[in-house]
Amino acid sequence: MTASALFGTYARADLDFVRGEGVWLETSDGRRYLDCGSGIAVNALGHSHPHLVNALKAQAEKLWHVSNLYKMEGQETLGRRLVEATFADRVFFTNSGAEAMEACFKTARRYHYVNGHPERIDIITFEGAFHGRTIATIAAGGQAKYLEGFGPKAPGFLQVPAGDLDALKAVIGPTTAALCIEPVQGEGGIREIPVEFLRKLREICDQEGILLIFDEIQTGVGRTGKLFAHEWTGVSPDLMGVAKGIGGGFPMGCCLATAAASAGMVPGTHGTTFGGNPLAMAVGNAVLDVILEPGFLEEVQRKSLLFKQQLAAVIDAHPGVLQEIRGRGLMLGLKCVRPNTDVLVKLRANGLLAVPAGDNVLRILPPLTISDEEIGEAVARIEAAAKAVETDLAAAAAGA
């Protein structure tokens with residue numbers, strides 16, 4: 001027996017956080033950390049945001065759960081607000097991002113089924129993607145490290161390189177149901193998909209009669225400085241998976257869809273016990289109250305520019321440790337020269353939390369409410385970490 005009763009599925013850092021406020025987290029032994037991970041882009045408004053706390057407390061004193069057998073006003077309100085603010089006509093609420101993507105995949109297949117093409121089941125995705133941890137979503141992501149040991153890959157998911165139109169066109173056929181892509185690959189290393197490629201995907205979908213799915217689980221709800229990242233491109237999907245920031249820390253997600261794409265999802269075709277529960281809806285509505293305030297998203301854009309400018313100076317000063325800054329809004333990535341895990345250790349030692357990603361990148365995902373002063377403090381800690389890596393390298397060289 002090990003000391004913990006939990007599954008050993010996480011290589012957890014030895015940090016036990018007990019309270020948080022804004023961009024700050026505090027451990028059980030009193031250490032304070034500047035949180036530039038936000039629970040992997042979840043705590044969009046930081047920790048213990050008073051509007052979210054009050055909304056959750058008020059709802060908790062009234063009703064927690066009744067199931068989707070009954071109408072819930074919170075669902076109707078949040079659904080209407082999301083429709084008014086996006087391309088969508090319909091919303092299906094879930095508990096997580098993986099469930100949101102599952103709903104997207106099922107809705108896409110059902111669309112073709114009710115339109116007389118049940119053979120159209122294949123979802124084409126793009127290398128470097130991450131869409132979740134269920135059997136279907138690891139098949140959609142296609143990454144060997146997530147598929148290993150879980151039996152045969154679920155059928156109906158094909159991957160091609162992002163940006164390769166010839167490879168894409170070669171696999172589109174009579175069984176293709178949809179294309180699915182993240183406008184910015186988060187876990188893949190904060191890799192932005194070129195606008196022209198997304199526009200070509202929209203053209204291909206329209207020409208072929210297939211659906212376009214965007215995974216905006218990490219990029220959505222203000223993270224890039226727009227409500228959703230695809231708004232920067234002028235390209236709209238037929239279906240979209242949303243989670244993380246929409247709950248501000250409370251577990252929730254949703255599938256957004258056009259009326260046409262969702263027309264086949266009639267009673268009995270899909271469901272969830274907890275999705276859209278009153279607690280989640282209260283928090284989701286409170287998140288939108290803040291995100292949709294006039295000027296809020298413009299402030300995210302301004303703070304992004306400030307953060308990038310200051311980080312660029314750090315990269316210039318420490319080229320043996322850091323290579324480039326990526327991303328948009330407050331979804332930023334530091335491409336490392338040294339192993340990103342080495343840099344992450346030094347960041348934590350200097351009281352800053354970041355999130356590792358593919359392509360040797362560290363994700364910098366602070367709460368959207370971070371102040372200019374806190375951005376300056378974050379940059380100072382990142383530079384201190386870079387200097388610490390350089391010190392270790394110099395010591396190793398001297399020892400050799």
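We count residues from 1, following the sequence as given. Every heavy atom of this structure was used, including side-chain atoms; hydrogens, water molecules and symmetry mates were not.
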Please enumerate all residues that pass salt bridge (Lys or Arg N to Asp or Glu O under 4.0 Å) together with Arg302, with sequence neighbours excluded. Glu299, Asp372

Which residues share a ring pair (Phe, Tyr, Trp, His ring centres under 6.0 Å) with His117, sequence neighbours left out: none

Cut-off 3.5 Å, no hydrogens considered: what does the side-chain donor-acceptor table look like for residues 13-26, sequence neighbours left out?
residue : atom : partner : partner atom : Å
Arg19   : NH1  : Glu26   : OE2          : 3.2

Hey, what do you get for CE (Met72) to CZ (Phe93), rounding to the nearest 0.5 Å? 10.0 Å

When you look at Val83 and Arg90, which way does the side chain to side chain contact (heavy atoms under 4.5 Å, CB included) test go after all the steps? CA-CA 7 Å; Val83 164; Arg90 298 287 184 271; 6.0 Å; no

Tell me every residue that passes ring pair (Phe, Tyr, Trp, His ring centres under 6.0 Å) with His270, counting only those two or more places apart in sequence or in another chain. Phe92

Hey, any chance Val287 and Ile370 share a hydrophobic cluster, counting ILVMFWY side chains that come within less than 4.5 Å of each other, even indirectly? yes

Quick one: do the His65 and Asn277 side chains pair a donor with an acceptor below 3.5 Å? no

Inspect the surroundings of CD in Glu298 and state if more than 12 heavy atoms from other residues, nucleotides or ligands are less than 6.0 Å away. yes

The reported gap from CD in Gln59 to CG in Asn54 (rounded to nearest 0.5 angstrom) is 13.5 Å

Can you establish whether the number of heavy atoms outside Ile40 located under 6.0 Å from its atom CD1 is more than 12? no

Test your reading of the model: is there a side-chain donor-acceptor pair from Thr269 to the backbone of Val266, 3.5 Å cut-off? yes

Phe228 and His230 aromatic ring geometry - parallel, tilted or perpendicular at 30°/60° bounds: parallel

Please check if any side-chain donor atom of Gln301 sits under 3.5 Å from a side-chain acceptor atom of Arg328, or the reverse. no

Short question: side chain of Gln75, backbone of Gly276 - any donor-acceptor pair under 3.5 Å? yes

Going by the rule side-chain contact (heavy atoms from CB on, under 4.5 Å), which residues pair with Leu288 if we only count those two or more places apart in sequence or in a different chain? Leu78, Arg81, Leu82, Ile246, Leu292

Considering residues at least two apart in sequence or located in another chain, which fulfil the salt bridge (Lys or Arg N to Asp or Glu O under 4.0 Å) criterion with Glu203? Lys200

Treat each ILVMFWY residue as a node, draw an edge where side-chain heavy atoms are under 4.5 Å apart, and state whether Val321 and Ile315 are in one component. yes

Would you give me the side-chain donor-acceptor pairs under 3.5 Å for residues 352-360, sequence neighbours excluded?
residue : atom : partner : partner atom : Å
Asp359  : OD1  : Lys335  : NZ           : 3.2
Asp359  : OD2  : Arg326  : NH1          : 3.0
Asp359  : OD2  : Arg326  : NH2          : 2.7
Asn360  : OD1  : Asn340  : N            : 2.7
Asn360  : ND2  : Cys336  : O            : 2.8
Asn360  : ND2  : Arg338  : O            : 3.0

Test of understanding: clusters of I, L, V, M, F, W, Y form through side-chain heavy atoms closer than 4.5 Å, transitively. Do Phe105 and Phe150 belong to the same one? no

To the nearest 0.5 Å, how far apart are CG in Asn95 and SG in Cys254? 11.5 Å

Give, for atom OG of Ser371 and atom NZ of Lys303, the distance between the pair rounded to the nearest 0.5 Å. 7.5 Å

Do Ile210 and Met265 sit in the same hydrophobic cluster, where Ile, Leu, Val, Met, Phe, Trp and Tyr count as joined when their side-chain heavy atoms come under 4.5 Å apart? no

Check the side chains of Arg31 and Tyr33 for a donor-acceptor pair under 3.5 angstrom, ignoring hydrogens and angles. yes

Check the hydrophobic clustering (I, L, V, M, F, W, Y; side-chain heavy atoms under 4.5 Å; chains of links allowed) and say if Leu201 and Ile123 are grouped together. no

Close side-chain approach of Arg363 and Gln218, heavy atoms under 4.5 Å: yes

Donor-acceptor list for residues 172-187 side chains, cut-off 3.5 Å, not counting sequence neighbours:
residue : atom : partner : partner atom : Å
Thr175  : OG1  : Asp122  : OD2          : 2.6
Thr176  : OG1  : Gly173  : N            : 2.9
Thr176  : OG1  : Gly173  : O            : 3.2
Glu182  : OE1  : Phe130  : N            : 3.3
Gln185  : OE1  : Arg191  : NE           : 3.2
Gln185  : OE1  : Arg191  : NH2          : 3.3
Gln185  : NE2  : Glu127  : O            : 3.0
Glu187  : OE1  : Gln143  : NE2          : 3.4
Glu187  : OE2  : Tyr146  : OH           : 2.6

Is there a donor-acceptor contact under 3.5 Å from the side chain of Ser304 to the main chain of Val300? no

Could you tell me whether a side-chain N or O of Asp89 sits under 3.5 Å from a main-chain N or O of Thr258, the two making a donor and an acceptor? no

Between Ser38 (side chain only) and Ala41 (backbone N and O only), is there a donor and an acceptor less than 3.5 Å apart? no

State the CG-SG distance between Leu334 and Cys36, to the nearest 0.5 angstrom. 9.5 Å

Tell me, with the steps shown, if Ile213 and His131 meet side chain to side chain contact (heavy atoms under 4.5 Å, CB included). CA-CA 11 Å; Ile213 304 171; His131 297 298; over 6 Å; no

Any side-chain heavy-atom pair of Leu56 and Phe250 under 4.5 Å: yes

Can you check whether Phe197 and Phe126 have ring centres sitting under 6.0 Å from each other? yes

Does a side-chain heavy-atom distance below 4.5 Å link Tyr111 with Ser262? no

Determine, step by step, whether Met252 and Val283 satisfy the side chain to side chain contact (heavy atoms under 4.5 Å, CB included) criterion, reporting the C-alpha distance in whole Å, the side-chain angles of both residues, the deciding distance to 0.1 Å, and the verdict. CA-CA 9 Å; Met252 69 169 294; Val283 178; 5.6 Å; no

Contacts of Val114 that satisfy side-chain contact (heavy atoms from CB on, under 4.5 Å) - sequence neighbours left out: Arg110

Determine whether Ile291 and Leu368 satisfy the following criterion, side chain to side chain contact (heavy atoms under 4.5 Å, CB included), listing intermediate values before the conclusion. CA-CA 9 Å; Ile291 297 286; Leu368 306 182; 3.8 Å; yes

Residue pair Thr137 / Glu102, side-chain donor-acceptor N/O under 3.5 Å: no

Nearest 0.5 Å please: distance from the NZ atom of Lys244 over to the CZ atom of Arg223. 10.0 Å

Side-chain donor/acceptor pairs under 3.5 Å, residues 152-160, sequence neighbours excluded:
residue : atom : partner : partner atom : Å
Lys153  : NZ   : Phe157  : O            : 3.4
Lys153  : NZ   : Gln159  : OE1          : 2.6
Gln159  : NE2  : Thr125  : OG1          : 3.1
Gln159  : NE2  : Ala139  : O            : 2.8
Gln159  : NE2  : Ala140  : O            : 3.0

Can you tell me which residue among Ile375, Leu306, Val379 is in a side chain to side chain contact (heavy atoms under 4.5 Å, CB included) with Leu311? Val379

Listed partners of Arg202 passing salt bridge (Lys or Arg N to Asp or Glu O under 4.0 Å), at least two apart: Asp206, Asp238

Under the salt bridge (Lys or Arg N to Asp or Glu O under 4.0 Å) rule, collect the residues that match up with Glu377, sequence neighbours excluded. Arg381

Under the criterion side chain to side chain donor-acceptor pair (under 3.5 Å), I'd like the reasoning laid out for Thr219 against Glu216: C-alpha separation, chi angles, the key distance, then a yes or no. CA-CA 5 Å; Thr219 57; Glu216 290 238 28; 2.6 Å; yes

